[in-house]
Amino acid sequence: MATQLRINGKDVEVTAPPDTPLLWVLRDEIGLTGTKFGCGVASCGACTVHVDGEPTRSCVLPVEAVAGAEITTIDAVNGTVAEAVQKAWRELDVVQCGYCQSGQIMSAIGLLSQNPSPTDQDIDDAMSGNACRCATYHRIRAAIHRAADTLEG
Amino acid sequence: MLHFLNQAPQPAEGFTIAKVSRRGFLKVSGAGLALAGFATTAEAFPRWPHGGHAMPHGVRTDPLVFVRVDPDGTVTLVAHRSEMGTGSRTSLPMIMADEMEADWTRVVIEQAPGDEPKYGNQDTDGSRSLRHHIQMARQIGASVRHMLAHAAAAEWGVPAGEVAVEAHMVRHGSHEAGFGDLAEAAMALPVPAFEDLAFKSPSDFRYIGKGKVQITDLRDITTGAAVYGADVMLDGMQVAVVARPPVVGGKVKSFDDTAARAVPGVSAVVELPHSIPPAGFAPLGGIAVVASNTWAAMKGRDALQIEWDGGPHAGYDTQAFLAEMVATAEQPADTVFRNQGDVDAAFAEAARTFGQTYTQAHMAHAPMEPPVALASVTAEGAEIWAPVQSPYACRTDVAKALEIDPAQVKVNVTLLGGGFGRKSKHDFAIEAALVSKAVGTPVRVQWTREDDIRHSFMHTVSAERIDVALDGEGKVTAWRHNSVAPSILSTFAPDGGHQFFIEQGMGHVDMPFDIPNVRCENGAALAHTRIGWYRSVSNVPRAWAVGSFVGELAHELGRDEKQMWLDLIGAPRVVDPVAEGYPEDFWDYGEPYQAFPIDTGRLANVLDMAADAIGWGREMPEGEGLGLCVHRSFVSYVACAAHVRVVDGTIRVPEMHFAIDAGFIANPERVESQLQGAAVMGMTLALHSGIHYEAGAVVESNFHDYEMVRADNYPENVHVHMVPHGFGVHSTGVGEPGVPPVAPAIANALFKATGQRKRALPMGAQV
């Protein structure tokens with residue numbers, strides 16, 4: 001029942017049953033703990049990873065569905081957009097408890113990769129699947145604008 | 001929030017404040033040894049009394065416990081409070097570093113395990129971390145600086161008073177040494193007495209009050225490297241998921257685990273002992289499914305066949321219960337907490353009376369990280385890794401559950417993915433310990449979101465009735481407030497049906513209006529679930545009631561809402577609790593009242609600030625309105641001014657202003673973030689947060705039916721205005737006091753926008 005995955009640029013063979021959500025394969029089998037469990041029903045976004053560059057909720061994504069796809073997690077996400085987003089997050093002290101921020105950052109990178117200068121409305125639309133109980137929405141919006149400015153500049 | 005059963009009210013000598021000026025409490029630190037460049041005046045460090053010493057194990061000031069200086073100059077500072085997003089893990093070490101003259105870039109923070117005899121109280125709740133430890137952090141910093149200076153003086157043969165300590169360096173004339181060079185000698189010196197210390201002048205602060213230090217875990221959080229409760233891995237560990245009794249006090253009648261054991265990866269099924277209320281933080285019991293990974297444990301649990309015995313609370317139905325509570329609140333109560341003047345006479349003589357009833361549903365905290373804990377139990381003892389707010393209480397309770405000595409238990413504190421009071425209750429860590437012991441390997445107990453929402457220690461459900469008597473000029477002559485809510489105490493002791501002193505002190509008996517006749521009553525209500533504390537606790541329903549009522553009264557009397565608040569608050573005064581009929585065991589957030597009195601001038605001031613900032617009195621377009629609320633809690637004063645706009649029937653909050661008077665503010669950047677958070681959590685609870693029970697069990701299950709506001713509709717432009725104070729004005733709470741005024745400010749603004757008055761929380765997102 002082995003499944004071939006490509007995670008953070010490396011080929012990995014995993015033995016979890018094919019219906020296992022990618023989240024638990026990442027966390028329990030591979031030991032990549034940056035991606036978080038929040039709800040298990042794709043309703044909070046804490047588990048967001050990139051599948052072929054697209055922000056995707058890994059808690060409801062059977063591992064068999066992503067065999068062969070390029071999976072990227074917060075633990076190793078890189079590139080110009082990712083660096084701009086992470087830098088903006090730090091400059092604006094976005095986080096409070098930080099638990100949801102892996103997912104927030106992965107969604108923000110996804111947004112800016114598609115849309116380099118999003119409006120407030122674009123940000124709200126792209127980010128409303130990512131919940132934050134501490135409520136860092138104000139700074140997330142500001143940080144996405146700042147990252148966009150960095151990328152433009 | 002509270003270490004309820006251990007913290008007594010402060011002694012009654014606090015009740016003579018009317019005769020004593022506040023400055024009388026600002027004790028001079030005493031003339032100490034003058035180290036070069038450091039002030040020793042009372043202005044530099046006016047020591048003030050606070051409630052930290054009354055907490056279990058009090059406050060420790062031993063620098064050798066909290067500071068290590070390595071030969072390479074690295075300064076390791078211990079954070080003994082849990083980090084759940086408020087920033088205390090950064091702010092307290094930052095204060096130590098500043099006072100020590102340590103360079104922040106050379107500081108490493110180490111998290112303390114649960115050990116209160118060593119570190120002092122570690123209950124991270126009640127908005128107390130800075131309030132109880134800001135002085136301690138400065139004292140520790142000053143002690144280490146003193147020891148470094150004296151070590152250098154001895155080595156160089158110069159007077160210690162002439163040695164300068166600055167930015168990780170120690171100098172005298174041509175002599176110069178780094179902290180690391182002096183570390184060994186300095187840390188071997190006797191710890192100086194407080195009286196011998198010199199403190200920095202506030203004008204010399206590098207980090208304190210500047211808001212420029214980033215939280216210590218920021219980089220790790222943005223790269224996924226930060227370690228939360230579920231991120232600790234041990235060799236041979238397994239994962240367990242627990243099926244718990246749907247009804248509190250229920251138990252397993254029978255179960256069949258054949259299908260569960262057949263799930264690949266499942267290794268064991270363990271029945272946990274059920275708890276009989278009042279059970280404190282003991283787990284609910286149920287059936288744990290243990291597996292090699294989380295998904296297998298979840299599938300195994302789904303496959304369990306369990307027949308439950310519901311127990312005495314199997315009939316709990318919140319709709320019916322709330323109706324009963326409202327009826328109770330609208331009758332004279334059997335218990336009176338505060339009695340000032342003659343309320344009955346004032347009502348009998350009133351020109352008119354006015355009253356309304358406000359309610360709030362149960363709430364679950366729903367931190368983004370669901371409860372989770374890893375335990376490794378062996379013959380030698382137990383080690384726990386968990387996101388807990390009270391690691392020492394956790395250690396004690398784990399020892400009790402395992403029937404071993406607390407000395408055999410170590411509790412390591414990870415980062416908390418949100419807390420809000422839920423993680424003060426470490427039932428999940430006890431579960432992990434019990435399952436680990438049963439199966440003989442390390443075990444992580446992982447709660448799902450459904451577990452979290454259904455098996456929380458719920459914020460209470462409440463009905464609040466307020467009536468006022470008015471004279472011919474519309475002046476309020478009497479105030480009667482009957483607060484009815486199952487008590488937190490029921491979780492710890494046989495349920496007497498009444499609120500206890502801590503709940504009374506949170507917005508009920510401390511109602512600060514200048515009204516000659518006041519009665520605060522408490523009709524009985526018994527608990528039918530585990531009642532816990534949720535960020536801001538009883539202040540949420542009380543501010544909801546009082547704040548909404550002021551808005552309603554203003555409308556009823558045809559007065560401006562802000563003027564109504566100011567009329568009720570009256571001329572600035574420091575409340576004398578004795579003269580105003582407060583209960584003898586009045587609880588002022590555990591603080592000595594004289595040092596933290598209710599000052600209505602400060603209350604009115606923040607109201608003015610928030611109202612001015614939002615442009616109070618301006619003409620608003622159709623479908624929009626402004627609303628206000630001001631509330632004192634956790635000894636801080638917070639006003640909220642909200643702008644509500646109804647768009648296609650949806651309540652939106654385009655603008656919100658907070659004004660906060662929290663005394664001296666050490667980290668304004670984190671105060672701003674806490675209040676931004678309060679705006680959003682306040683709007684969430686105003687619109688959405690309702691937990692309901694039917695047939696004893698929780699109806700809601702996940703974020704689809706227990707919603708929170710999201711990026712597409714939150715208070716968009718939140719502005720935070722802080723009353724500036726010097727170090728001598730006692731620092732007060734920040735994490736919680738922002739939340740209570742939000743919902744009433746929104747409701748008051750919504751009324752202006754639509755004419756609809758909401759009296760039940762949650763009010764729903766649509767009008």
Side-chain angles (χ1 to χ4, degrees), chain A residues 1 16-17 19-21 23-25 27-29 31-41 43-44 46 73-77 85-87 89-91 93-103 105 120-121 123-141, chain B residues 83-87 214-215 217-228 230-231 233 239 264-265 292-296 298 365-370 415-420 446 448-450 669 673-674 676-681 684 702-704 708-714 716-718:
Chain A
M1 285 203 301
D19 67 337
T20 308
L23 171 68
W24 299 116
V25 174
R27 292 187 56 88
D28 290 351
E29 188 167 345
L32 288 171
T33 55
T35 307
K36 303 302 184 198
F37 168 61
C39 69
V41 295
S43 140
C44 80
T73 73
I74 185 73
D75 314 85
V77 67
V85 168
Q86 287 166 320
K87 183 162 169 279
W89 243 248
R90 291 171 196 144
E91 285 172 356
D93 274 317
V94 166
V95 315
Q96 289 182 37
C97 87
Y99 190 79
C100 73
Q101 300 295 342
S102 299
I105 288 170
D120 282 352
Q121 186 65 49
I123 294 171
D124 294 351
D125 292 346
M127 301 301 292
S128 60
N130 287 83
C132 173
R133 191 71 164 136
C134 302
T136 56
Y137 301 134
H138 307 93
R139 296 193 190 187
I140 287 173
R141 184 194 275 183
Chain B
E83 180 57 74
M84 65 191 104
T86 64
Q214 295 186 315
I215 66 163
D217 301 291
L218 187 57
R219 172 166 287 274
D220 283 348
I221 289 170
T222 58
T223 58
V227 175
Y228 296 87
D231 301 336
M233 301 290 170
V239 182
S292 56
N293 65 82
T294 316
W295 183 242
M298 288 177 177
H365 316 71
M368 290 309 299
E369 174 194 51
L415 288 177
L416 281 64
F420 315 116
Q446 175 68 59
T448 63
R449 180 58 58 194
E450 291 80 4
E669 185 278 321
S673 69
Q674 283 300 295
Q676 288 172 335
V680 179
M681 200 164 207
T684 287
N702 207 314
F703 292 134
H704 66 283
M708 62 181 103
V709 300
R710 305 283 187 126
D712 56 358
N713 186 15
Y714 64 99
E716 282 189 62
N717 297 295
V718 174

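Everything quoted here is computed from the prediction, not taken from an experiment. Only heavy atoms go into these numbers, but all of them, side chains included; no hydrogens, no water, no symmetry mates. All chains are named by letter (A, B, ...) in the order of the sequence lines, taking the proteins before the strands, and each is independently numbered beginning at 1.
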Taking every non-hydrogen atom, the tightest pair across A/Cys97 and B/Leu416: CB-O, 3.5 Å
Do the side chains of B/Asp231 and A/Lys36 get nearer than 4.5 Å, heavy atoms only? yes
Test item: B/Gln676 and A/Tyr137 side chains (from C-beta on) under 4.5 Å apart, heavy atoms: no
Highest number of heavy-atom pairs under 4.5 Å with chain A: which of B/Pro370, B/Ala679, B/Gly419? B/Pro370
Under a 3.5 Å threshold, yes or no: a donor from one side chain and an acceptor from the other, between B/Thr222 and A/Arg90? yes
Are the side chain of A/Arg27 and the backbone N or O of B/Ala230 linked by a donor-acceptor pair below 3.5 Å? yes
Flag the pair B/Trp295 / A/Leu23 as yes when at least one side-chain heavy-atom distance between them is below 4.5 Å, and no otherwise. no
Please state whether the side chain, the backbone, both or neither of A/Asp19 comes within less than 4.5 Å of a heavy atom of chain B. both
Would you mind checking which part of A/Asp124 comes under 4.5 Å of any heavy atom in chain B, side chain (CB onward), backbone (N, CA, C, O), both or neither? both
Looking at every heavy atom in both A/Cys39 and B/Phe703, which two are closest together, and how far apart are they? CB-CD1, 3.8 Å
Heavy-atom pair count under 4.5 Å with chain A, highest-scoring of B/Asp220, B/Asn717, B/Asn713, B/Val709: B/Val709
Counting heavy-atom pairs under 4.5 Å with chain A, which one of B/Asn293, B/Thr294, B/Ile221, B/Leu415 comes out on top? B/Thr294
